[in-house]
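The next block holds one structure in the form of structure tokens; read it before the comments.
First the proteins, then the strands, lettered A, B, ... as listed; each starts at 1. Since the structure is predicted, the reported quantities are computational estimates derived from the model, not experimental observations.
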Amino acid sequence: MENPQVAQIFEEVADLLEIQSENPFRIRAYRRAAQVVSDLGERVADIVHDPDRRLDDYPGIGKDLAGKIREIVDTGELSLRSELAAKVPPGLRALLSLPGLGPKRASTLYKNLGIASLDELRKAAESHRIKALKGFGEKTEQAIIKSLQQLKQTGKRILWSEAKVYAEALTNHLRGASGVGQLEVAGSYRRRKETVGDLDIVVACKSTSQVMDRLASFEEVAEVLAHGGTRMTVRLKTGLQVDLRVVPDVSFGAALQYFTGSKAHSIHIRRRAQDRGLKVNEYGVFRGSRRIAGKTEVEVYRAIGLPWIPPELREDRGEVELAEAPQLPDLVRPEDIKGDLHVHTTDTDGRASLEDMVLAAKRRGYSYVAITDHSRRVTMARGLDARLLRQQWKRIDRLAKRNPGITILKGVELDILEDGSLDLPDSVLQEADWVVASIHYGQNQSPERITRRLLNAIENPHVAAIGHPTGRLIGKRPGYQFDLQAVFTAAAETGCLMEINAQPVRLDLDEVAIAEAKKKGVQFVVSTDAHSVEELGFMEFGINQARRAGLEKLDIVNTRPLQAFRKLLRGARPAKRSGSMAKVTV
DNA sequence: GCCGTTTTCGGCCCGACTGTTTTCAGTCG
């Protein structure tokens with residue numbers, strides 16, 4: 001039983017309770033518990049089975065929910081869930097996924113028209129049976145038909161890297177409206193989440209109508225969904241939704257804070273304000289009716305006794321407590337990066353030559369770059385065997401003589417094979433400056449086998465880092481399952497690095513796993529895995545990920561000069577001799 | 001359902017917009 005499954009059961013319970021108009025605070029407790037479980041960073045099942053640990057030590061988990069988690073882990077099911085599900089037809093929950101349809105209306109539709117699936121909903125809407133219901137009308141019925149048609153395109157989150165394109169275009173466009181002051185894209189985009197559901201733009205502007213008209217004139221806008229006095233919502237042609245909030249200048253910081261979220265962070269902040277006899281809303285921080293802060297975010301946080309918290313940390317995962325301490329991390333910045341340690345060339349599946357990649361790295365101001373083409377197993381990419389690899393390294397030596405401004409590391413992305421062995425012998429690896437070991441094949445193996453493969457690689461002293469450690473592709477493939485704790489423990493003991501892969505569709509490890517690894521003493525490398533000159537620019541996405549995990553400059557080796565991590569070069573770090581795993585193949 | 005040196009009971013974040021009403025419920029973020 002993995003954490004996402006536990007979280008999913010609690011989410012379902014919350015939905016079912018909501019449909020049955022249960023106590024909203026009880027519903028919130030289940031949603032909170034789902035969040036807590038998702039954010040754990042280790043298997044909830046492991047905590048359940050550890051006699052020294054208690055689930056109800058976690059905030060939001062009390063005796064009751066701890067018992068329910070135990071039940072799910074032990075039996076794979078939650079009796080409460082099945083009891084609730086028995087009272088609600090199975091398809092009814094799907095109705096909640098439609099924008100504008102919540103639990104109240106869904107249950108009205110069911111009670112009055114017997115609607116219990118999206119298909120039945122569509123038929124009822126098309127035969128105009130919905131508008132006759134009390135509380136529904138012509139417009140609601142049309143809206144349902146429309147959102148059913150759009151269901152496939154909307155609700156889909158896009159990669160942060162894609163959202164950035166629209167965020168920047170919209171920002172530039174809106175600045176063209178007269179009277180626009182401060183302007184910022186808030187929401188999950190500002191928190192730099194892996195994926196973004198919509199864009200929330202906060203603008204300080206004297207003339208609301210001017211900036212709203214300006215948004216409506218953006219050429220990618222397909223439709224205006226809502227248009228009020230301070231708020232406007234549009235849908236772009238791609239399906240991406242954009243919310244615009246216009247606030248007075250004195251409220252900009254409060255609005256930005258509020259619309260940046262996350263929801264859980266905002267709730268925590270407001271509760272804290274309450275404790276101090278204050279009220280926080282998007283217009284400011286108020287004592288009674290008097291505004292005591294709101295113009296800037298710094299002011300807002302200061303008013304409730306906290307330093308400013310970077311948006312990337314605002315998930316209510318302990319950042320408020322760190323701010324209070326005050327022990328907020330000094331997050332790593334893009335400009336801290338001194339080199340890229342995972343780069344491909346046309347020698348395998350890259351799209352730019354060795355020389356072009358090196359020159360591009362030099363232009364970025366890097367002091368080193370590692371060329372890490374695929375090893376022979378990756379036949380699709382014409383992976384290199386020992387002979388071809390040594391040929392490439394000779395060319396690197398010649399190139400290095402012509403480019404004294406940058407150190408070129410002779411590396412390889414070494415495949416961790418299905419049987420747990422490595423794709424090249426130690427005799428070759430020991431000649432390499434830099435080895436990134438990755439899994440590409442046998443991703444469907446059992447967690448036990450994958451774990452052993454990763455441990456084998458980690459225990460080889462020539463392996464400097466594990467590349468894209470989970471193999472996930474966001475929105476496409478979940479990534480292979482393995483024992484994160486065992487792998488992180490071994491990585492910490494041996495000094496083997498965990499890569500944070502900056503490809504926007506990869507971004508593994510995720511921020512929860514990174515934070516967990518850091519706790520265990522693991523060090524990281526942020527690499528682009530670039531297959532072209534342009535992809536060297538992906539570094540930003542990897543840094544986003546590192547920042548959300550709370551990493552500082554010194555947690556990441558490629559913020560340092562090469563000499564600082566020289567023991568990782570040429571496999572000079574000590575091999576782990578203790579375990580029997582090192583010689584075992586799987 | 002959780003939580004607590006003001007509380008073991010009685011709180012639990014807060015406002016905007018829409019569509020439907022004729023003063024507000026439902027939904028959303």
Side-chain angles (χ1 to χ4, degrees), chain A residues 10 13-14 17-19 21-36 55-69 78 80 95-109 130-144 147 154-155 186-191 196-202 208 212 224-234 241-247 251 254-255 257-286 304 316:
Chain A
F10 282 159
V13 167
L17 289 171
E18 213 163 19
I19 289 171
S21 306
E22 262 280 0
N23 176 359
F25 299 107
R26 187 179 172 210
I27 294 163
R28 188 186 294 172
Y30 279 100
R31 297 212 190 279
R32 174 128 194 252
Q35 188 70 50
V36 169
L55 273 170
D56 54 10
D57 285 343
Y58 290 88
I61 309 286
K63 269 208 167 53
D64 183 272
L65 284 171
K68 290 199 164 74
I69 292 172
L78 180 65
L80 174 66
L95 267 49
L96 303 184
S97 64
L98 283 189
L101 269 195
K104 293 283 191 303
R105 290 177 151 184
S107 80
T108 303
L109 287 167
I130 287 175
K131 67 177 177 188
L133 285 178
K134 187 174 162 58
F136 290 76
E138 178 71 35
K139 286 201 171 178
T140 308
E141 187 171 87
Q142 289 309 309
I144 287 173
S147 48
T154 54
S188 53
Y189 178 76
R190 184 157 178 253
R191 302 202 313 281
V196 174
D198 56 19
L199 293 176
D200 303 296
I201 305 178
V202 181
T208 303
M212 287 194 174
V224 177
L225 298 175
H227 192 163
T230 65
R231 180 178 203 155
M232 181 179 186
T233 304
V234 302
Q241 195 166 303
V242 180
D243 288 331
L244 178 70
R245 271 309 274 252
V246 187
V247 297
S251 297
Q257 195 283 326
Y258 178 54
F259 290 106
T260 296
S262 64
K263 192 171 180 170
H265 177 85
S266 290
I267 288 173
H268 197 148
I269 292 299
R270 287 178 177 203
R271 201 173 276 150
R272 185 183 167 89
Q274 273 188 336
D275 292 346
R276 288 167 166 66
L278 302 171
K279 186 177 76 168
V280 175
N281 60 25
E282 55 263 56
Y283 298 108
V285 181
F286 295 85
I304 55 169
D316 196 25

Provide the distance between the two [atom1] atoms, one in [N] and one in [M], to the nearest whole Å.
| N | M | atom1 | result |
| --- | --- | --- | --- |
| B:dT20 | B:dC13 | C1' | 26 Å |
| B:dT6 | B:dC2 | P | 23 Å |
| B:dC9 | B:dG15 | C1' | 29 Å |
| B:dA16 | B:dG11 | C1' | 25 Å |
| B:dT23 | B:dT18 | C1' | 15 Å |

### Message
So, under a plain 3.5 Å distance rule, would you say the side chain of A:Asp243 forms a donor-acceptor pair with the base of B:dG29?
### Response
no
### Query
Between the base of B:dG29 and the side chain of A:Tyr258, is there a donor-acceptor distance below 3.5 Å?
yes
Can you find a side chain N or O atom of [X] that sits less than 4.0 Å from OP1 or OP2 on [N]?
| X | N | answer |
| --- | --- | --- |
| A:Asn281 | B:dC14 | no |
| A:Thr230 | B:dC17 | yes |
| A:Arg26 | B:dG1 | yes |
| A:Arg28 | B:dC13 | yes |
| A:Lys263 | B:dG29 | no |
| A:Lys68 | B:dG1 | yes |

### Task
Taking A:Ser262 for its side chain and A:His265 for its backbone only, find out whether a donor-acceptor pair lies under 3.5 Å.
yes
### Query
If you look at every strand shown and take non-hydrogen atoms under 4.0 Å, does A:Gly229 touch a base, only sugar-phosphate, or nothing?
sugar-phosphate
Out of curiosity, [X] [atom1] to [Y] [atom2], how far, rounded to the nearest 0.5 Å?
| X | Y | atom1 | atom2 | answer |
| --- | --- | --- | --- | --- |
| A:Arg231 | A:Asp200 | CZ | CG | 8.0 Å |
| A:Thr208 | A:Arg245 | OG1 | CZ | 11.0 Å |
| A:Asp64 | A:Leu80 | CG | CG | 8.5 Å |

### Query
Any cation-pi pair here, A:Arg32 with A:Phe10, using under 6.0 Å and within 45°?
no
### Summary
Of A:Ser266 and A:Arg245, the one whose closest nucleotide on DNA chain B sits nearer the 5' end is A:Ser266
### Query
For A:Thr140 and A:Gln274, take the nucleotide of DNA chain B holding the closest heavy atom to each; which residue's nucleotide lies nearer the 5' end?
A:Gln274
### Nucleotide B:dC3, atom P - distance to NE2 of A:His268 in whole Å
13 Å
#### Entry: Atom-pair distance (CZ on A:Phe25; C1' on B:dC2), nearest Å
11 Å
### Message
Suppose we define a pair by two distances each less than 3.5 Å, Watson-Crick or G-U wobble; what does B:dT8 pair with here?
### Response
none
